[in-house]
Amino acid sequence: MANDGEIDRARRRTLHTLATGGVVLAVGGVTRAWSAQLATTLPFQGGERDITNSFPQKSDMLLLRSRPPLLETPFSVFDHGVFTPNDQFYVRWHLANIPTSVDGATFRLNVRGHVRSPVTFSLSDLLTKFRPMQLAAVNQCSGNSRGLFDARVPGAQWGNGAMGNALWTGVSLRDILDHAGIQRGAVQARFNGLETGVLPTTPDFMKSLDIDHARDGEVMIAYAMNGKPLPLLNGFPLRLVVPGWYSTYWVKMLNDIEILAQPDDNFWMTKAYLIPDTPNANVVPGQTGVKMVPINRMVPRSFFTSLTDAQHVPAGRPLIVRGIAFGGDTGVRSVQISDGAGTGWREARLGRNHGKYSFIRWEVQLTPQAGPLTLKVRATNSAGVSQPEKANWNPGGFMRNVVESITVTAS
Ligand SMILES: Nc1nc2c(c(=O)[nH]1)N[C@H]1C(S)=C(S)[C@@H](COP(=O)(O)O)O[C@H]1N2
Ligand SMILES: [Mo]
């Protein structure tokens, strides 16, 4: 899927950034220029959001919180194409002491712990001494769409825009781990980034993967996103990409990998990001005694992008309806649309396939009759898993993937 020309361009641009001293950013102090829209409302109570363009390397974003930043992608961006532009890719950080600049020339990645020989890599080591790889993958927050949970749950109140799809370029994590030599008895690899909490008592943000997963050849250390160095807020200069898994594992500003001989018992693995060990992580509000496990693979989702709820459309004329879908931890087999008229589900036409972890575009043509029209969209992945018709619920607000529905009026 990835062609050598694209990989070369991504590497050259990253090498150029390193040669020119990395990205240096001033955060704050940017005054807002004219913009068409200053605020928007997400479809749930408390969904009023300012639109901000005052974060470095970011254009218009929905502001959930400034420090540490939580920025949501305006949903209209997803109608423009299958790849989410870097300057409107959502942003999520847990801890507030985030470096405001990182010098690519002095940055180092350490691999240590239960290895034959600890290794320190410079960025140019990664860019020149290892075979590059490239894949398209959806980065989705575990709590994407949490604001739509009913009953409401605490946590970042995202609409549907805490997700994005990018073409990632980097090196295979397996190559890096094998270079250090994993020792017998190793069970997990733990990933840590440059930022820290404001208080010394705040647990440092770290996530771990089982060794076999870390060495599956798909998990990668990315240095470029859509052919350019990562924006600082998306993890410059390096981030982990864990295709098909929720983004909590996609550690940004990655500078430390520790090979563990025991399962990781840090806060972010054993207390946070736990889901009920039930189908679709679904429980009823108030249910107790459920076994909890770390969140892991994504589930399929699909969205309308060319229409919004309550929109007016012309009656009696052909209308192209389009959107995006992804399969979760595997590809999309089919996307189906229902118009609620009792005619059941009909197949949407799928766009170009950018690989099983990518967004894919879908499209159908309808001729709406005058009056209200309720449309639903449902994706089924290549493992045969479909989106549920009734919303899944859990107290963390994780893994929402209910069939999306919109009502438009034709006249
Ligand atoms: N270093 C670091 N990496 C991190 C996080 C973080 O707080 N610190 N948050 C994770 C979570 S929960 C999400 S949703 C994604 C968000 O990635 P993005 O900001 O590039 O969209 O980063 C992940 N990687
Ligand atoms: Mo997240």
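Note that ligands are numbered from 1 as they come in the structure, with each ligand's atoms numbered from 1 the same way.
- The side-chain heavy atoms of Gln157 and Arg152, taken from C-beta on, include a pair separated by under 4.5 Å.
- A salt bridge links Lys376 with Glu389; the closest basic N to acidic carboxylate O contact falls under 4.0 Å.
- The closest approach between any non-hydrogen atom of Arg239 and ligand 1 is below 4.0 Å.
- Considering backbone and side-chain atoms alike, Tyr90 places an N or O below 3.5 Å from some N or O of ligand 1.
- Qualifying ring pair (Phe, Tyr, Trp, His ring centres under 6.0 Å) partners for Phe130, counting only residues two or more places apart in sequence or in other chains: Phe121, His179.
- Residue Tyr249 places every heavy atom at 4.0 Å or more from ligand 1.
- Listed by atom number, the atoms of ligand 1 under 4.0 Å from Asn234 heavy atoms are 18 (P), 19 (O), 20 (O), 21 (O).
- Figure legend: Lys207 and Tyr249 shown as a cation-pi pair, the cationic atom lying under 6.0 angstrom from the six-membered ring centre and within 45 degrees of its axis.
- At a heavy-atom distance under 4.0 Å, only side-chain atoms of Asn139, from C-beta outward, approach ligand 1.
- Atom 13 (C) of ligand 1 has its closest protein heavy atom at Ser247 OG, 3.5 Å.
- At a 4.0 Å heavy-atom cut-off, ligand 1 does not touch Met253 at all.
- Contact annotation for Trp250 and ligand 1: only backbone heavy atoms (N, CA, C, O) come within less than 4.0 Å of the ligand.
- The ligand atoms of ligand 1 that sit less than 4.0 angstrom from a heavy atom of Val91 are 19 (O).
- Judged purely by distance below 3.5 Å, without hydrogens or angles, the side chains of Gln188 and Asp210 pair a donor atom with an acceptor atom.
- Side-chain contact check for Phe205 versus Val251: some heavy-atom pair is nearer than 4.5 Å.
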Inset, instruction - Just do the side-chain contact (heavy atoms from CB on, under 4.5 Å) check on Met298 and Tyr357 with the steps written out, would you? - result: CA-CA 10 Å; Met298 295 197 291; Tyr357 300 115; over 6 Å; no
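- At a 4.0 Å heavy-atom cut-off, ligand 1 touches Tyr273 through the side chain alone.
- Contacts between Glu195 and ligand 1, counted as non-hydrogen atom pairs separated by less than 4.0 Å, involve the side chain only.
- At least one N or O atom of Arg92, backbone or side chain, sits closer than 3.5 Å to an N or O atom of ligand 1.
- The distance criterion of under 3.5 Å between nitrogen or oxygen atoms is not met by Trp93 with respect to ligand 1.
- Two residues are said to be in side-chain contact when any heavy atoms from C-beta on lie closer than 4.5 Å; Trp245 and Leu209 meet this criterion.
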